[in-house]
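Atom set for the values below is all heavy atoms of this structure, side chains included, hydrogens, waters and symmetry mates excluded.
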Amino acid sequence: MTQALLNGVVSGLLIALPAIALSLTYGILNFANFSIGAMITTGAYLAYFANTTLGAPIFVAAPVAAIGLALVAVAIQRGVYRQIRNADHITLLVASMGVAFVLENVISFFYGADVRTLDVPVARPLLWKGLRLNHEQLSIVIVALSAMAVVALVLRRTRLGRAMRAISDDPELAEVRGIDRARTVDWTWAISGVLTALAGVMIALDGIVDPLMGMNYLVSVFAAAVIGGIGNPFGAVVGGLIIGLVEETSALAISTTYRQGISFVVLALVLLLRPQGLFGTARIRR
Amino acid sequence: MTGYLVAILTFVSLAVLLGFALNVQWGQAGMINFGLAGFYGVGAYTAAILSKQGVDGFTATVAAIATTAAISAIVSLATLKLREDYLAITTLAFSESVRLVLMNETWLTGGTNGIRDIPRPLIGLIGGDQYEVFFLGMCLVLVAIVYLMLDRIIRSPFGRALRAIREDDLVAATLGKNVLTLRVKAFAIGGAVIGLAGALHAYYFTYIDPGEFAGFITVYAFMTVIVGGKGSNRGLLMGACTVMVLLEGTRFLKDFVPFLSAQQAASLRLAMIGAGLILILIFKPDGLSAEYRLAVQKAGGPDLNP
């Protein structure tokens, strides 16, 4: 049981990274990015490319993937989402699904549907009072916590963070006050790309690389973001932890193949009982 | 060649049915269904499982329609008063869950092996030789019936209320419309049509497996609706044909680019379809045919081209 809780915290931190990314772009652009799953996959494949084809060790490959995906995300923002920014948010949703479809199939064009693994040394898990924590999990914890700390610093302490929060609160007022919206949006996508790529690399470290790996996390990531009150990056962390814990502890009773099904049930319950999420505020939508 | 044409037209009919469904849910009521593939799977598997149990084709189809409609209603309940994004997430999560059940509950669905040798309705009466043509005829008749029924619904006060909700649910609610009931009904109507299409899919292919009910079905359906013009059932016919030409046309891709493997050609094709969807959204967001509007007459001006 304690082991399940530990695993839950680890996978919760992992889910929290893309959930924060989702919340950030949602807050700024007011649309749910359905390509987040495909972005996780893209990040993992970028790392795989750097790791195996270019032969870079994983601690070099991971930042390469993060920067690479940040560039991809900004390119997609400029090439797709900005072109249809005047459409309603549903059109943007549909566009993001199209983006996911393109990303996934470009990947399987180059790499096929084969299951791959990153080239990392195998190490003995750490043991402490009967609890097992393998090195991959340890890296997840360290990377996720540092990434969250950096995001929190950026949001709270920098000019960019202030601009992001201002746009998220009231885009028109922010514009009037001279905040460069286009630039802030680009940076938001870049941060979102970095976080998502890191999550992709971590998932790949702990398991395998295949074209559907991100898709398998999509529901959990959305559930985490919605529980935290979508648009609220700090809520997304708590949401991630809740989803991680629920998924891992339920695995004691229900087959792990239904991991996503569990997230779906949690998501449905939250939407029925507290639709604004744990940390969202109920407000009349206009 | 005739066989190929018959097959293509049957696919187009199925695509049109899915487009009709999406047009009610999304086009009319503004409810986004990213889990269309899952509902399609529910329809197909319901029909297949019942037919394998010896239930006749008609009853099994009705059961598939009813099951899919009921499940659609339940899933749409999860959105209560929320914005459309949540329905998109919920339906997508639902679709993923359906896929998991199809893959893992082997006792019911045959798991990843799927269900084979699904008995075709009326095959004893028609005979195997002409069956494909008969099936196409049946699909076309069903498309016509669904078109007429939906057309009535769209023009009815109910349809008007749906569009009112789509444009502004707060105003509609203030004017005394029960937003939740209307939304659930609209989603269930769409679900019924998806269930019908699913049952036809099962009968046509006589073999189904979980892989067929993946995200690409949903992407095709959205593309059909967007190309045809959201909200317009007439445009949809054109949309479905265009998408089918694209799908089938790109199938020959590998004949022209011989250095691609079959798998690469397939991926490239799907990537191009996704890119096509994005390009349409950017350059032709209203599609080929705009939504049918009741009694909106242009103000009479001088006729410049008598």
Side-chain angles (χ1 to χ4, degrees), chain A residues 26 30-32 34 76 79-80 83-84 86-113 211-212 215-216 218-220 222-223 225-226 230 255 257-265 267-269 271-272 275-276 284-286, chain B residues 26 30-32 34 74-75 77-90 92-101 103-104 168-170 214-216 218-219 222-223 225-226 230 260-261 263-283 285:
Chain A
Y26 188 94
N30 205 22
F31 87 95
F34 271 83
I76 293 171
V80 179
Q83 306 304 321
I84 44 179
N86 293 326
D88 56 18
H89 62 270
I90 300 194
T91 309
L92 285 161
L93 280 190
V94 177
S96 74
M97 189 143 111
V99 167
F101 209 61
V102 173
L103 286 177
E104 268 166 16
N105 286 296
V106 166
I107 289 169
S108 59
F109 177 77
F110 286 111
Y111 288 100
L212 286 177
M215 194 63 193
N216 292 333
L218 188 63
V219 176
S220 313
F222 264 100
V226 170
I230 195 160
S255 158
T257 45
Y258 283 114
R259 206 173 48 87
Q260 289 226 68
I262 304 284
S263 299
F264 171 53
V265 172
L267 176 69
L269 285 177
L271 286 179
L272 281 172
Q276 70 273 32
I284 294 173
R285 175 177 63 81
R286 274 313 322 246
Chain B
W26 182 37
M31 304 171 78
I32 198 152
F34 274 176
I74 294 169
V75 171
L77 270 181
T79 57
L80 289 172
K81 307 166 197 157
L82 296 161
R83 44 181 283 173
E84 303 83 343
D85 316 39
Y86 289 97
L87 187 61
I89 299 163
T90 314
L92 187 82
F94 167 78
S95 176
E96 284 299 304
S97 306
V98 167
R99 212 166 50 86
L100 291 177
V101 171
M103 284 195 311
N104 294 303
D168 195 324
D169 53 351
L170 212 59
F216 63 91
T218 314
V219 174
F222 268 90
M223 218 171 146
V225 171
I226 292 167
K230 196 178 97 185
L260 293 180
S261 72
Q263 197 272 330
Q264 280 183 319
S267 303
L268 189 61
R269 207 176 125 222
L270 293 175
M272 281 164 64
I273 288 160
L277 178 78
I278 295 169
L279 290 175
I280 296 164
L281 283 176
I282 294 176
F283 294 109

Chain A contact via [X] - side chain, backbone, both or neither, heavy atoms under 4.5 Å:
{"X": "Ile278(B)", "value": "side chain"}
{"X": "Ile280(B)", "value": "neither"}
{"X": "Val98(B)", "value": "neither"}
{"X": "Gln263(B)", "value": "side chain"}
{"X": "Phe216(B)", "value": "both"}

Where is the tightest heavy-atom contact between [X] and [Y], given as atom of each residue plus distance?
{"X": "Val219(B)", "Y": "Phe101(A)", "answer": "CG2-CD1, 3.8 Å"}
{"X": "Gly274(B)", "Y": "Val102(A)", "answer": "C-CG2, 3.5 Å"}
{"X": "Val94(A)", "Y": "Trp26(B)", "answer": "CG2-CZ2, 4.1 Å"}

If you round to the nearest 0.5 Å, how far is CE of Met215(A) from CG of Leu92(B)? 5.0 Å
In Å and rounded to the nearest 0.5 Å, what is the CD1 to CD1 distance from Ile89(B) to Ile230(A)? 5.0 Å
Return the set of residues passing side chain to side chain donor-acceptor pair (under 3.5 Å) with Thr91(A) (not counting sequence neighbours), or none when no residue passes. Asp88(A)
Trace of the side-chain contact (heavy atoms from CB on, under 4.5 Å) decision for Leu218(A) with Glu96(B): CA-CA 10 Å; Leu218(A) 188 63; Glu96(B) 284 299 304; over 6 Å; no
Tell me, with the steps shown, if Leu93(A) and Phe34(B) meet side-chain contact (heavy atoms from CB on, under 4.5 Å). CA-CA 10 Å; Leu93(A) 280 190; Phe34(B) 274 176; 4.1 Å; yes
Partner set under salt bridge (Lys or Arg N to Asp or Glu O under 4.0 Å) for Glu104(A), not counting sequence neighbours: none
